[in-house]
Amino acid sequence: MTQVRVRFAPSPTGFLHIGGVRTALFNWLFARQQKGVFILRIEDTDQSRSTDESIQAIIEGMKWVGLDWDEGPFRQTERIDLYRSYAMKLLEKGAAYWCVCKAEELDARRKEAEAKGLPQKYDGRCRDRGLTNQAGDAALRFKAPQEGETVVDDLIKGKIIFDNSVLDDLIILRSNGYPTYNFSVVVDDALMNITHVVRGDDHLTNTPRQIPIFEALGFPVPHFGHLPMILGSDKARLSKRHGATSIMAYKDMGYLPEAMVNYLVRLGWSHGDQELFVRQELIEKFAWKNVQTSAAVFNPEKLLWLNAEYIKTSHPDQVAQALVPLLREAGLQDEVSAMPADRLAQLVVLVKERAKTLVEMVDWVRPYLGQSVSFDEEAVKKFLTPALAPTLSKLLARFESLPMFSKQEWEATFKTFVEEEGMKIGQLAQPVRVALTGRTASPGLFDVMEVLGRDRTLFRLRQGIERASV
RNA sequence: GUCCCCAUCGUCUAGCCUGGCCUAGGACAUUGCCCUUUCAAGGCAGUAACACGGGUUCAAAUCCCGUUGGGGACACCA
């Protein structure tokens, strides 16, 4: 059995798209499972649209979701001579011919055909003219078979039959000497010994065009697999209109890469009823037969749930680490720098059930960073009332008499005090919460005190009493 | 227009290949209840789907054909 070799071949014409990440992910999972090779190849033969920033964005995105490649990144523009020489081989063999039709003429003819409702196909007028490229401005076309049929045995969709009469004589070398996509992919997939070409559904009709080129070049034809598309909520192809589609936008919004991967893999693949997978599990359980044949709607709410799930269950150190850059961005760099890593992990544990994203977590963590709190005025008005100041002072005295902080002891003390005062827990818990955190919503009161420590708890309680007294 | 792909709750999906175990399961969202010092989290319960029409069969979500609907491709883009 030959070694599996797969590739992810994006074109660098923008950021790394969510759909691209999913395609890359399926390829990567298959490669890892089969102990194969995963190749990153940049398809930049369209010079007018490709940018170096896009290449960087692709690499950055791949790294963020942890999809490492074994070979590459290769750039097609560095391999132009290769494509030219293979194109010339086809010309010599009589499997390609020069075409002097101008782009504008072709365009006009295509429009005319469209208007008449005819197939929009090259009419082959240069096919048998035996033209040479004297002027140097001809394009090279592949002589596509016109009879018989081309069969694609798709890994996902099964057997698909195309009638060769629909095949066009594709341009393989532009008049500027650069290869076109359908030719450079074939040459690269063949030369890189790709065994399985797995790409988006939108390439399905390219496959019968590419297979004859493999054959004409004398290369073995790889296996093909076509992944269904990802749609937006309106069932149209996912695009900017549907909101964030760049993978890095999700990093910025506070998503964990593992959650992203888990969500994307379940969009089109399943393993029974299982929803949560660790990466090793995905590698073991992945199978083409469980890949969905139909398109899937991207559901941001489920992604959000998954992210919350990962925030709750991931190791706190790991979450804390991912949180640091967001805290810095929020202007909390001094607080972050002053804090040992395990302190931040402790805060993560404190608030992780409440934050669905790291961005939300920044806000949840904020009250526990400094010595004093910043009060939410509404909360103060409602709970830190002058009437309550004496009670709070009595409570403060009670806590001050305890030389050491202990969650159990302080909680018991609080509850006894509430009882003595003839109050309900909630009546006093809310004011204390506001004094301690500045807000009406927080983790459990005694968990908060534990994280704050004895000194800061007492300090903030005193501050709260001051606020209540005015 | 031509060619190709697809069709189970609002959404992601299990089941389909190898018909009966399906009164169609799980998850997200949503609704109600419970827990509760707040907010969450958690627990329990509920609403909700086999696109339609024909076959084949004792029996069809599952196999076949058609219709409808959605998507994709038809470039000197990838």
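Just so you know, these numbers use all the heavy atoms, side chains as well, and skip hydrogens, waters and symmetry mates.
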Within this structure, what is the CZ-to-P distance between A/F383 and B/rU37, rounded to whole angstrom? 15 Å
When the ring planes of A/F286 and A/W288 are compared, do they come out parallel, tilted or perpendicular, using 30° and 60° as the limits? perpendicular
State whether the distance check finds a donor on one side and an acceptor on the other, under 3.5 Å, for side chain A/D202 versus base B/rA78. no
Can a donor-acceptor pair be found between the side chains of A/S54 and A/D52 at a distance below 3.5 Å? no
Using whole Å, what does the distance between atom C1' of nucleotide B/rA78 and atom CD1 of A/I55 come to? 14 Å
Among B/rC39, B/rC12, B/rA78, the one nearest any side-chain atom of A/K302 is B/rC12
What's A/Q120 touching, base or sugar-phosphate or nothing? Going by heavy atoms closer than 4.0 Å. base
Tell me the interatomic distance from A/H271, atom NE2, to B/rG26, atom P, rounded to whole angstroms. 19 Å
How far, in whole Å, is B/rA45 from B/rC50 if one measures between their C1' atoms? 25 Å
Using purine N1 to pyrimidine N3 plus N6-O4 or O6-N4 for Watson-Crick, or N1-O2 and O6-N3 for G-U wobble, both under 3.5 Å, which nucleotide pairs with B/rU68? B/rA7
Take atom CG of A/L384 and atom P of B/rU38, then tell me their distance rounded to the nearest Å. 17 Å
Does any N or O donor sit under 3.5 Å from an N or O acceptor when you compare the side chain of A/D273 with the base of B/rG25? yes
Using the C1' atom as the reference point in each nucleotide, state the distance between B/rU13 and B/rG20 in Å, no decimals. 24 Å
For the residue pair A/D234 and A/H242, confirm or rule out a side-chain donor-acceptor distance under 3.5 Å. yes
Hey, would you say the A/Y178 and A/Y83 ring centroids sit under 6.0 Å apart? no
Across the strands shown, which category fits A/P10 at heavy-atom distances under 4.0 angstrom: base, sugar-phosphate, nothing? nothing
Can you tell me whether the side chain of A/S175 and the base of B/rC76 have a donor-acceptor pair closer than 3.5 Å? yes
I'd like to know whether CD of A/E378 has more than 12 heavy-atom contacts from other residues, nucleotides or ligands below 6.0 angstrom. no
So which nucleotide from B/rA78, B/rC3, B/rA75 ends up closest to the side chain of A/Y181? B/rA78
Can you tell which of B/rG71, B/rC12, B/rC3 lies closest to the side chain of A/F162? B/rC3
With the side chain of A/A441 defined as its heavy atoms from C-beta on, choose the nearest nucleotide among B/rC39, B/rC4, B/rU37. B/rC39
Complement of B/rU37, any strand, by Watson-Crick or G-U distances under 3.5 angstrom: none
Is A/D168 touching bases, backbone alone, or none of the nucleic acid, heavy atoms closer than 4.0 Å? nothing
Would you classify A/Q292 as touching base, sugar-phosphate or nothing, given that sugar-phosphate means primed atoms plus P, OP1 and OP2, and contacts are heavy atoms under 4.0 Å? sugar-phosphate
Testing B/rC39, B/rC3, B/rC4 for proximity to the side chain of A/R354, the answer is B/rC39
Taking 4.0 Å as the cut-off, does a side-chain nitrogen or oxygen of A/K356 come that near to OP1 or OP2 on B/rA41? yes
For A/M361, does its backbone N or O pair with a side-chain atom of A/R354 as donor and acceptor, under 3.5 Å? no
Between B/rA7 and A/T293, is there an OP1 or OP2 to side-chain N/O distance shorter than 4.0 Å? yes
Starting from P on B/rC74, measure out to CZ on A/R110 and report it in whole angstrom. 10 Å
Check every strand shown and say whether A/C99 touches a base, only sugar-phosphate, or nothing at a heavy-atom separation below 4.0 Å. nothing
List every contact pair, protein side and nucleotides 20-23 of chain B side both N or O, where the distance is under 3.5 Å.
none

Is it possible for you to check whether A/R127 lies under 6.0 Å from the centre of the six-membered ring of A/W98, through NZ or CZ, and within 45° of that ring's axis? no
Could you check which of B/rA78, B/rC12, B/rU37 has an atom nearest any side-chain atom of A/V297? B/rC12
When we call it a touch if two heavy atoms are under 4.0 Å apart, what does A/H226 touch: a base, just sugar-phosphate, or nothing? nothing
Using a heavy-atom cut-off of 4.0 Å across all strands, would you classify A/I171 as base, sugar-phosphate, or nothing? base
Is B/rC63 paired to anything, Watson-Crick or G-U wobble with both distances less than 3.5 Å, and if yes, which nucleotide? B/rG55
Considering only heavy side-chain atoms of A/L204, the closest of B/rA78, B/rU37, B/rC5 is B/rC5
Residues forming a side chain to side chain donor-acceptor pair (under 3.5 Å) with A/E78, sequence neighbours excluded: none
Is A/E275 side chain donor-acceptor paired with the B/rG26 base, going by distance under 3.5 Å alone? yes
Under a 3.5 Å cut-off for both contacts, is B/rG19 paired Watson-Crick or G-U wobble with anything, and if yes, with which nucleotide? none
Could you check whether A/K285 and A/Q274, counting side-chain N and O atoms only, form a donor-acceptor pair closer than 3.5 Å? yes
I need the residues from residues 413-422 of chain A with at least one non-hydrogen atom less than 4.0 Å from RNA chain B; give them sorted by number, or say none. none
Any luck finding a side-chain donor-acceptor pair between A/S270 and A/N290 under 3.5 Å? no
For B/rA75 and A/K121 - does any side-chain N or O of the residue sit under 4.0 Å from the phosphate oxygens OP1/OP2? no
Give the nucleotide from the list B/rA40, B/rU38, B/rG72 with an atom nearest to the side chain of A/E353. B/rA40
Among B/rU38, B/rU11, B/rC4, the one nearest A/N299 by side-chain distance: B/rU11
Does A/Q274 put a side-chain nitrogen or oxygen below 4.0 Å from OP1 or OP2 of B/rU13? no
note: A/K235, atom NZ; B/rC5, atom C1'; distance rounded to Å ~ 16 Å
When all nucleic acid strands are considered with a 4.0 Å heavy-atom cut-off, which category describes A/S294: base, sugar-phosphate, or nothing? sugar-phosphate
With sugar-phosphate meaning primed atoms plus P, OP1 and OP2, does A/G268 contact a base, only sugar-phosphate, or nothing at under 4.0 Å between heavy atoms? sugar-phosphate
Could you list by number each residue of residues 146-160 of chain A showing a heavy-atom separation from RNA chain B of less than 4.0 Å, or answer none if no residue does? A/K157, A/I160
Between B/rU37 atom C1' and A/E411 atom CD, what is the distance in whole Å? 9 Å
Taking side-chain contact (heavy atoms from CB on, under 4.5 Å) as the definition, give me every residue that meets it alongside A/I171, ordered by chain and number, with sequence neighbours left out. A/A139, A/R141, A/T180
Distance-only side-chain donor-acceptor flag, A/T150 / A/N164, under 3.5 Å: yes
Would you indicate what A/K424 reaches in the nucleic acid, counting non-hydrogen atoms under 4.0 angstrom: base, sugar-phosphate, or nothing? nothing
For A/S270, report the nucleic acid contact type (base, sugar-phosphate, nothing); a contact means any heavy atom under 4.0 Å. sugar-phosphate
Counting heavy atoms not belonging to A/E420, are there more than 12 under 6.0 Å from its CD? yes
Rounded to the nearest Å, what distance is computed from the CG atom of residue A/D163 to the P atom of nucleotide B/rC4? 8 Å
Quick test of your reading of the model: are A/D137 and A/K102 salt-bridged, counting only N-O distances below 4.0 Å? yes
Looking at A/T45, does any N or O in its side chain come under 4.0 Å of the phosphate oxygens OP1/OP2 on B/rA78? yes
Sort and list the pairs that fulfil ring pair (Phe, Tyr, Trp, His ring centres under 6.0 Å) and have at least one residue in residues 406-453 of chain A, not counting sequence neighbours. A/F399-A/W410, A/F405-A/W410, A/F414-A/F446
When you get a sec, tell me which of B/rC39, B/rA41, B/rC74 is the closest nucleotide to the side chain of A/R209? B/rC74
